2 protein chains.
Amino acid sequence: MPSHPESTPAETAAQLRISTYRLVRRLRLQRTDDVSVGQYSVLVSLRAHGALSLGDLAEREHVTAPSMNRTVNCLVDAGLVQRTPDPDDGRRIRVALSEAGERLVDDTDRRRDAWLEARLAELAPDEQRAIARAAALIRGIADR
Amino acid sequence: MPSHPESTPAETAAQLRISTYRLVRRLRLQRTDDVSVGQYSVLVSLRAHGALSLGDLAEREHVTAPSMNRTVNCLVDAGLVQRTPDPDDGRRIRVALSEAGERLVDDTDRRRDAWLEARLAELAPDEQRAIARAAALIRGIADR
DNA sequence: TATTGTTATACTCTATAACTATA
DNA sequence: TATAGTTATAGAGTATAACAATA
């Protein structure tokens with residue numbers, strides 16, 4: 001590896017913050033106009049965690065139950081989620097992705113990955129490896 | 001460098017996308033409640049580009065002029081920006097960060113960097129270098 | 001009696017359309 | 001006549017409070 005001037009953790013932190021925000025902003029351009037940002041976030045949650053109750057969804061998305069109720073209604077109307085009664089607890093409902101909902105999220109991921117992959121392919125092999133390694137480390141940081 | 005199993009650009013792209021979104025979600029926790037997300041974004045734009053007209057701000061933030069007008073009014077009332085007539089063109093206005101506005105953005109950055117810096121400091125030196133290098137590469141990708 | 005979800009109502013943010021002032 | 005900004009009004013999205021059903 002060529003000898004770079006050393007960066008302090010403070011400099012690295014600022015650099016990582018800035019580059020992360022810019023990348024997110026860039027990836028956001030590859031999105032769907034079918035649903036709002038909040039609605040899309042619910043679909044992603046459901047794909048990641050499977051079917052959830054209304055209260056669980058509201059907590060995960062940091063919104064109130066009435067707000068989530070409305071969001072779920074919109075998604076049901078759009079055919080992107082299914083709402084079924086909980087078999088074990090009559091008070092609860094079970095919100096699950098429909099096939100169309102899963103397809104919408106998967107397609108969006110694919111579009112973003114395709115753009116990102118094309119950019120990565122333009123980098124040198126050792127640069128690609130550096131990014132792969134950093135991505136794993138960043139995930140470890142964010143998930144703690 | 002130890003021999004890792006090679007990742008394809010597609011795998012690296014997906015990994016980078018996921019870790020980036022998680023980091024943003026995590027950093028968002030360190031925010032201010034003084035202004036809304038849209039208002040904060042305007043402050044960041046003004047710090048980056050200097051004083052801007054209402055129309056320029058609306059275009060950069062991808063909102064309409066009436067919406068930006070309202071946002072700017074809120075920020076003026078909060079003492080975070082100043083609104084002055086354009087000396088060269090009587091139709092235009094000039095929106096600029098106030099000292100308080102600059103302080104708010106700088107403080108938020110510092111809070112986020114402090115959190116991130118603490119996490120980075122827990123990594124091994126070569127891991128920190130990997131992230132610093134990747135951050136520079138990511139910025140190059142996002143800015144093109 | 002506590003918990004889960006829903007309805008009623010209000011507030012914030014953004015949009016479109018119409019208007020004013022300046023170039 | 002065209003452009004920059006503002007005002008009037010309406011549509012999403014979210015919040016709090018009150019309510020219904022189930023545990």
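Just so it is clear, the structure is predicted and the values come from calculations on it, not from any experiment. Each chain gets a letter, A, B and so on, in the order its sequence line appears, and its residues count up from 1.
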Is A:Glu61 touching bases, backbone alone, or none of the nucleic acid, heavy atoms closer than 4.0 Å?
-> nothing
Looking across every strand, which nucleic acid part, if any, lies under 4.0 Å from B:Arg83 by heavy atom: base, sugar-phosphate, or nothing?
-> sugar-phosphate
What's the [atom1]-[atom2] distance between [X] and [N], to the nearest Å?
X       : N      : atom1 : atom2 : answer
B:Ile93 : D:dT7  : CD1   : P     : 11 Å
B:Asn73 : C:dC13 : CG    : P     : 12 Å
A:Asn69 : C:dA8  : CG    : C1'   : 13 Å
A:Glu59 : C:dG5  : CD    : P     : 12 Å
A:Tyr40 : D:dG13 : OH    : P     : 16 Å
B:Met68 : D:dA4  : CE    : P     : 15 Å
B:Arg94 : D:dA4  : CZ    : P     : 17 Å
B:Asp56 : D:dT3  : CG    : P     : 15 Å

Along DNA chain D (nearest heavy atom to each residue), the more 5'-positioned of A:Arg70 and B:Leu54 |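 Result: B:Leu54.
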Hey, could you give me the [atom1]/[atom2] distance between [X] and [Y], rounded to the nearest 0.5 Å?
X        : Y        : atom1 : atom2 : value
B:Leu57  : B:Glu59  : CG    : CD    : 10.5 Å
A:Trp115 : A:Arg26  : CH2   : CZ    : 4.5 Å
A:Ile141 : B:Glu127 : CD1   : CD    : 9.0 Å
B:Thr108 : B:Arg112 : OG1   : CZ    : 6.0 Å

Per-nucleotide protein contact string for nucleotides 18-23 of chain C (B base, S sugar-phosphate only, - none; heavy atom under 4.0 Å) = ----BS
Looking at A:Glu61 and B:Arg25, what are the two nearest heavy atoms and their distance?
->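 Smallest interatomic distance, heavy atoms only, reads OE2-NH2, 4.4 Å.
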Where the side chain of B:Arg92 is concerned, which of D:dA15, D:dA4, C:dT14 is the nearest nucleotide?
->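 Per side-chain heavy atoms of B:Arg92, the pick is D:dA4.
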Can you tell which of D:dT6, D:dG13, C:dT14 lies closest to the side chain of A:Gln39?
->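 Side chain of A:Gln39 sits closest to D:dG13.
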Which residue, B:Val63 or A:Gly55, contacts DNA chain C at a nucleotide closer to its 5' end, judged by nearest heavy atom?
-> A:Gly55
Tell me whether the side-chain N/O atoms of [X] come closer than 4.0 Å to OP1 or OP2 in [N].
X       : N      : result
B:Ser67 : C:dC13 : no
A:Thr71 : D:dT14 : yes
B:Thr64 : C:dA15 : yes

Are B:Ser7 and B:Gln15 close enough, and set up right, to give a side chain to side chain donor-acceptor pair (under 3.5 Å), and what steps lead you there?
-> CA-CA 10 Å; B:Ser7 302; B:Gln15 216 172 12; 4.8 Å; no
Verify, without hydrogens or angle tests, whether A:Ser67 (side chain) and A:Thr64 (backbone) share a donor-acceptor contact under 3.5 angstrom.
->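 Flag not set: sc A:Ser67 to bb A:Thr64 has no pair under 3.5 Å.
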